[in-house]
There are 2 protein chains.
Amino acid sequence: MSNTKFATYLHILTLMAKEGDIYLSSEYLSSSINIHPVIIRKNLSELRSSGLIESKEGKTGGSKLARPAKKIKLSEIYNLVNDNSALGKSNTPNPACNVGKQINKHLEQLYETVDKKIIKALGKESLQDFANKFK
Amino acid sequence: MSNTKFATYLHILTLMAKEGDIYLSSEYLSSSINIHPVIIRKNLSELRSSGLIESKEGKTGGSKLARPAKKIKLSEIYNLVNDNSALGKSNTPNPACNVGKQINKHLEQLYETVDKKIIKALGKESLQDFANKFK
DNA sequence: TCATACTGTAACAAAAATTATTACAGTTCA
DNA sequence: TGAACTGTAATAATTTTTGTTACAGTATGA
């Protein structure tokens, strides 16, 4: 992955974990992460539809965690963010070639193995654990 | 990672593993993988400078494995391909924010943990093992 | 009830990353 | 010497990612 989505999501959630039960505005999040508030709102939208956060509209609106940080595993963030695989995308090889015909099946297998390892590793750390690292 | 580099490299190396000691042309590789021969040659260039393959110029030229497929671990391919991390890039957050100031350090740590898991998993499989999966 | 401060989302623009193409000099072989 | 390659630069096209503008909708509280 060559985007910043995982970093951004984790940053958002860490701020929420630290602030407790307060609704944080996209403007506030934006200024800490240093990316555009509309991008933040788009990210919040995905975090919301996955059930990790909840939002409130209107004047004193904003977003906060839907569950205690202790109950959010970092692997949940990875699952949201991971479109293809940690190892990237596949090609569309030549089906007339014997290797070309079969390789995507074998690649998928490899991708799955690797992704499972990542999820296992990230499943051991909660958002609370991560947030606790900050002084 | 949202590119096809890992898939392409592994495809190239699989073809070489299957063909044994023959020099394969970029044209041949290109037609199996279905990407442009110049891209293939760029990829070969990196594989070469990393010592995984060797090439021969001129008429009957091409490339082949520099070592037996049995002695090439899939983790070596990952190391070549992996610029940032499996989890992506970091942002450049606001240093005036306490979380912003520290998060990249903690992210790096996480990235490293995850990348190590990936390398460990891919280190268990050789190119030969992978190539043997093809009928 | 009305100004204020937010959210949510669409539409569009810009930038960055990835992949493709063209071009051509250099190498080896028969 | 011509044919079939490699190696690499330069440039273009495409795709992905990020940023921007715009604006309707919602809640708050003076």
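Labels below follow one simple rule: chain letters A, B, ... track the order of the sequence lines, proteins then strands, and each chain is numbered from 1. On a predicted model such as this, the values are computed, not experimentally measured, just so you know.
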- Query: Would you find a donor on one side and an acceptor on the other, under 3.5 Å apart, between the side chain of B/Asn94 and the backbone of B/Gly100?
  - Reply: no
- Can any side-chain N or O of B/Lys70 pair as donor or acceptor with the backbone N or O of B/Ser126 at less than 3.5 Å? no
- For the side chain of B/Lys89, counting heavy atoms from C-beta on, which of C/dA17, C/dC6, C/dT28 is nearest? C/dA17
- Query: Counting only heavy atoms not in B/Lys73, do more than 12 fall under 6.0 Å of its NZ?
  - Reply: no
- Quick one: sort the B/Tyr111 and A/Phe6 rings into parallel, tilted or perpendicular, breaks at 30° and 60°. tilted
- Would B/Asn132 and B/Gln128 count as having a side-chain donor-acceptor pair, cut-off 3.5 Å? yes
- Task: Could you list where the contact with chain A starts and ends along DNA chain D, reading 5' to 3', using a 4.0 Å heavy-atom cut-off?
- Result: D/dT16 to D/dT28
- Task: May I ask you to check whether over 12 heavy atoms, not counting those of B/Lys133, lie within 6.0 Å of atom NZ?
- Result: yes
- Task: Name the nucleic acid region contacted by A/Thr4, choosing base, sugar-phosphate or nothing; use a 4.0 angstrom heavy-atom cut-off, strictly under.
- Result: sugar-phosphate
- Item | Result of checking B/Lys42, B/Arg41, B/His36 against B/Ser26 for side-chain hydrogen bond (donor to acceptor under 3.5 Å, both in side chains) | B/Arg41
- Message: Between A/Thr60 and B/Gly61, which residue's closest nucleotide on DNA chain D lies nearer the 5′ terminus?
- Response: B/Gly61
- Item | Whole angstrom value for the distance that separates C1' of C/dA3 from NZ of A/Lys59 | 8 Å
- Item | Distance-only donor-acceptor check, side chains A/Asn104 and A/Glu108, under 3.5 Å | no
- Can you list, by residue number, the residues of residues 34-49 of chain A that have a non-hydrogen atom closer than 4.0 angstrom to DNA chain C? A/Val38, A/Arg41, A/Lys42, A/Ser45, A/Arg48
